[in-house]
Amino acid sequence: MTRRFLDRDALEVAPELLNKLLVRGPLVGRIVEVEAYHGGLDPASHAFRGPGTRNATMFGPPGHLYVYFTYGMHFCANVVCGPGGEASAVLLRALAPLAGVELMRAARPAARRDAELCAGPARLCQAFGIDRSLDGADLVGKETEIALLDDGTPPPAAPANGPRVGLSSRAAEAVYWQWRFAVPGNPAVSRPAPPGWRTSHLVV
DNA sequence: ACCGGGATGTTCT
DNA sequence: GAACATCCCGGTG
């Protein structure tokens, strides 16, 4: 996975990140659900009100991991996209576990099925041990602690898409922007399709 | 199955 | 003080 691939607006990158791999040591997951967050024009984005201490990574170069802490106990992870300085990013919402499943089970005893191990933005961080210390980590360099890889599996030709999850009314109309993308029918997607969720019958 | 509440700390108003 | 890109558990049907 190259920095150039990520150096585009998150809305463009997001559906193409589907079916790519997140790798950390023995842990491997296939990305099956993401959300795009714009830099300046998206009231739901952490970048909307400009750079600060929490979101500094978003304003850095593309290809790094933006990790934030929320609800007093959870971490969520984003892939910083481009163009550089605009602070767009893609939230990783769900992965299908591919390797290191035993370790993930140990990290997430609450998961009842393997498909639940990484089915949610905070759950996948638990499974992969992602915390504040990985904020800013390079995903595309050599010998990185955590990496984004392409195993040749193409993204779905017709990704499912619908509104983003968990946005308050403060985000107003952004609540309705259809910026969540998923691999259609994958059991590891974080939640069932809400009304307004579009799934093409042209499933790959 | 679906729903409601509590946990818990950082950031912003 | 309130909000928060969430999750888990225990209630009820």
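Letters A, B, ... mirror the listed sequences (proteins, then strands); counts begin at 1. Remember, predicted model here, so these are calculated numbers, not experimental data.
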| Atom CZ of R105(A): over 12 foreign heavy atoms under 6.0 Å | yes

| field | Within 6.0 angstrom of L149(A) CG, more than 12 heavy atoms from elsewhere | value | yes

| task | For nucleotides 8-13 of chain C, just jot down a letter per nucleotide in 5' to 3' order: B, S or -, based on protein non-hydrogen atoms under 4.0 Å. | result | S-----

When the distance from [atom1] of [X] to [atom2] of [N] is rounded to whole Å, what number comes out?
| X | N | atom1 | atom2 | result |
| --- | --- | --- | --- | --- |
| F75(A) | dC7(C) | CZ | P | 14 Å |
| F181(A) | dA5(C) | CZ | C1' | 15 Å |
| H46(A) | dC4(C) | NE2 | C1' | 8 Å |
| E35(A) | dA5(C) | CD | P | 11 Å |
| E33(A) | dA5(C) | CD | P | 16 Å |
| E116(A) | dC7(C) | CD | P | 11 Å |
| L117(A) | dC7(C) | CG | P | 13 Å |
| F69(A) | dC4(C) | CZ | C1' | 11 Å |

| field | Side-chain H-bond candidate by donor/acceptor type, D135(A) with T57(A), under 3.5 Å | value | yes

| field | ring-ring contact (aromatic ring centres under 6.0 Å, His included) pairs, two or more places apart, involving residues 71-100 of chain A | value |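 Listed once each, the pairs are F69(A)-F75(A).
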
| Are D7(A) and T2(A) close enough, and set up right, to give a side chain to side chain contact (heavy atoms under 4.5 Å, CB included), and what steps lead you there? | CA-CA 9 Å; D7(A) 193 11; T2(A) 65; over 6 Å; no

| message | Whether R8(A) engages the ring of F5(A) as a cation-pi pair (distance to the six-membered ring centre under 6.0 angstrom, angle to the ring normal within 45°) should be assessed. | response |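 The answer is yes, since R8(A) meets both limits relative to F5(A).
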
| query | Can E35(A) and R93(A) be counted as an ion pair, charged N to O under 4.0 angstrom? | reply |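 Result for this pair is yes, salt bridge flagged.
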
| request: Would you sort out whether L21(A) and T153(A) count as a side chain to side chain contact (heavy atoms under 4.5 Å, CB included), showing the intermediate values? | output: CA-CA 9 Å; L21(A) 306 181; T153(A) 307; over 6 Å; no

| Nucleotide range of DNA chain B lying under 4.0 Å from chain A heavy atoms | dA7(B) to dT13(B)

| Should dA3(C) form a Watson-Crick or G-U wobble pair with both distances under 3.5 Å, which nucleotide is its partner? | dT10(B)

| message | Mind checking if Y71(A) touches a base, just sugar-phosphate, or nothing, with heavy atoms under 4.0 Å? | response |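 The residue Y71(A) makes base contact.
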
| query | Can V32(A) be reached from V28(A) by stepping across I, L, V, M, F, W or Y side chains whose heavy atoms are under 4.5 Å apart? | reply | no

